[in-house]
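Since the structure comes first, as structure tokens, the remarks are kept for the end.
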Amino acid sequence: MTVTTTTPALAGSETQPTTVAGRVRKRLNTRWGTAASILIAIVWTIPTFGLLVSSFRPEDQIKTTGWWTFFSDPQLTLENYEQVLFGRSSSAGQLASYFVNSIVITLPSVLFPLAFAALAAYALAWINFRGRDWIYIGIFTLQIVPLQMALVPLLSFFSQGIGVGGVDLLPAWNLDDEQRFIQVWFAHTCFALPLGVFLLHNFVSQLPRDLMEAARVDGATHPKIFRTIVLPLITPALAAYGIFQFLWVWNDLLVALIFAGGGDETAPLTVRLAELAGTRGNEWQRLTAGAFVAIVVPLLVFLSLQRYFVRGLLAGSVKG
């Protein structure tokens with residue numbers, strides 16, 4: 001319910017209605033509101049800026065002085081990044097190969113849920129079949145199930161298959177070490193679908209019904225409607241969900257470590273980042289450079305899709 005008030009008339013003018021939201025917006029648009037926003041942004045950015053400065057400082061200075069002393073005695077080096085990316089010693093980062101592994105893991109783990117969730121959202125919103133509402137409720141409730149509860153059943157499924165009464169319904173996968181990417185893709189897709197279907201369904205279900213009925217009258221089938229009408233209209237929602245899924249998979253450690261292992265062939269970037277500080281935690285200067293190597297790709301993805309992000313966040317939140 002919108003609360004309205006009236007302000008006194010000014011010099012013969014009519015009274016003007018003022019909403020609560022309008023008064024709040026007016027106060028936030030003042031100089032003090034702008035100054036507060038800038039101050040919060042600066043305070044929020046200072047730790048990241050300090051980490052960036054530290055990543056270019058020599059090891060002895062990082063371990064003995066704070067990053068703010070850089071301005072009184074500036075010394076720059078690329079040794080931290082060289083060790084992190086291309087170092088050959090056992091304690092070095094060697095992140096180049098792990099960086100490629102993260103890309104190989106992340107891209108399919110984003111594209112598969114996007115495709116399946118979009119198809120499922122359209123089916124649950126615009127195709128009438130028995131039990132549709134119950135299926136949607138079941139998918140919605142799966143969001144509250146912690147993914148840790150599914151790790152052991154998934155591992156059992158991959159290694160032993162599924163059998164009932166001594167009959168093998170699905171055989172074991174028996175994948176080699178180089179093929180473990182498939183397990184990670186499958187796991188991330190399963191964990192991402194409940195939220196993806198829920199978000200996209202809220203948006204797809206609010207598309208104009210007249211538009212869908214006009215397409216059916218013209219003889220369009222469900223695949224054609226989905227491809228030519230629905231997909232272009234839900235692009236902001238797809239972009240927003242894709243950003244969330246990309247960040248989740250790229251920064252994931254638990255799922256990748258369990259299903260991909262810790263070897264150089266399949267382990268992602270996060271596995272190696274956890275080992276950069278060394279067994280005794282005395283090599284933590286490499287973490288400063290490793291952190292910025294890890295955020296390069298997510299930052300590029302977010303900047304390239306940011307124009308869709310806000311619209312996608314609001315997708316399905318209002319009707320009209």
Side-chain angles (χ1 to χ4, degrees), residues 21 25 28 37 40-41 44-45 48 102-127 135-147 184-209 211-212 222-223 225-256 268-270 294-320:
R25 188 182 303 110
L28 292 178
S37 301
I40 293 173
W44 188 269
T45 309
T48 304
S102 286
I103 294 177
V104 174
I105 289 174
T106 304
L107 290 181
S109 298
V110 173
L111 296 178
F112 288 155
L114 276 177
F116 294 147
L119 290 170
Y122 174 78
L124 293 172
W126 295 103
I127 299 179
I135 293 176
Y136 177 71
I137 293 173
I139 293 174
F140 175 78
T141 55
L142 285 175
Q143 296 181 68
I144 67 176
V145 178
L147 65 87
V184 186
W185 299 340
F186 186 88
H188 277 303
T189 301
C190 292
F191 297 145
L193 280 178
L195 177 61
V197 173
F198 172 71
L199 291 178
L200 295 181
H201 175 271
N202 288 345
F203 189 79
V204 174
S205 62
Q206 293 181 15
L207 296 178
R209 181 172 296 275
L211 183 63
M212 299 297 182
H222 285 296
I225 294 175
F226 177 78
R227 186 178 65 256
T228 60
I229 297 178
V230 175
L231 278 183
L233 293 176
I234 66 173
T235 298
L238 290 174
Y241 175 61
I243 290 175
F244 281 124
Q245 179 66 5
F246 188 95
L247 295 178
W248 158 250
V249 177
W250 185 268
N251 295 322
D252 169 71
L253 174 63
L254 178 63
V255 175
L269 195 62
T270 51
I295 69 174
V296 168
V297 174
L299 187 61
L300 292 176
V301 171
F302 180 79
L303 292 178
S304 61
L305 298 177
Q306 64 175 338
R307 58 175 179 162
Y308 299 110
F309 188 65
V310 175
R311 283 187 290 168
L313 288 179
L314 298 177
S317 60
V318 295
K319 294 183 178 181

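Just so you know, these numbers use all the heavy atoms, side chains as well, and skip hydrogens, waters and symmetry mates.
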Study note, to complete from the structure: CG (Leu231) and CD1 (Ile225) are apart, to the nearest 0.5 Å, by 12.0 Å
Review point. So, for Pro268 and Ala256, which heavy atoms are closest and what is the spacing to 0.1 Å?
Key: CG-CB, 3.3 Å
Check your understanding: In terms of heavy-atom contacts, does CH2 of Trp126 have more than 12 from other residues, nucleotides or ligands at under 6.0 Å?
Key -> yes
Practice item. Taking side chain to side chain contact (heavy atoms under 4.5 Å, CB included) as the test, write out the residues that go with Leu211, two or more places apart. Key: Pro208, Ile229, Leu233
Study note, to complete from the structure: The reported gap from CD1 in Ile234 to CG in Leu114 (rounded to nearest 0.5 angstrom) is 9.0 Å
Exercise for review: Find out whether His188 and Phe112 are in side-chain contact, i.e. whether some heavy atom of one side chain is under 4.5 Å from a heavy atom of the other.
Suggested key: no
Review point. Does the pair Ile139 and Leu124 meet the rule for a side-chain contact (heavy atoms from CB on, under 4.5 Å), with working shown?
Key: CA-CA 11 Å; Ile139 293 174; Leu124 293 172; 3.9 Å; yes
Exercise for review: Could you name each residue pair satisfying side-chain hydrogen bond (donor to acceptor under 3.5 Å, both in side chains) that touches residues 110-123, not counting sequence neighbours?
Suggested key: Tyr122-His222
Review point. Which residues pass the side chain to side chain contact (heavy atoms under 4.5 Å, CB included) test with Leu254, sequence neighbours left out?
Key: Leu147, Gln148, Leu151, Asp252, Ile258
Review point. For Leu119, what residues pass the side chain to side chain contact (heavy atoms under 4.5 Å, CB included) criterion, not counting sequence neighbours?
Key: Phe226
Practice item. Quick one: closest heavy-atom pair of Pro113 and Leu193, and the distance? Key: O-CD2, 3.9 Å
Review point. Can you name the residues that form a ring pair (Phe, Tyr, Trp, His ring centres under 6.0 Å) with Phe140, not counting sequence neighbours?
Key: Phe198
Check your understanding: With sequence neighbours left out, what residues match Phe246 under ring pair (Phe, Tyr, Trp, His ring centres under 6.0 Å)?
Key -> Trp250
**Study point:** From Leu142 atom CG to Phe191 atom CZ, the distance as rounded to the nearest 0.5 Å
**Key:** 11.5 Å
Exercise for review: Enter the distance from Leu111:CG to Phe116:CZ here, rounded to the nearest 0.5 Å.
Suggested key: 10.5 Å
Revision key, fill the gap. Residues passing the side chain to side chain contact (heavy atoms under 4.5 Å, CB included) test with Ala121, sequence neighbours excluded, are Leu200, His201, Val204
Check your understanding: Which heavy-atom pair separates Ala192 from Tyr241 by the least distance, and what is that distance?
Key -> O-OH, 2.8 Å
Practice item. Would you mind reporting whether Trp248 and Val110 have side-chain heavy atoms less than 4.5 Å apart? Key: no
Check your understanding: When rounded to the nearest 0.5 angstrom, what is the spacing between CG in Leu269 and CG in Asn251?
Key -> 9.5 Å
Exercise for review: State the CG-CD distance between Leu195 and Gln245, to the nearest 0.5 angstrom.
Suggested key: 8.5 Å
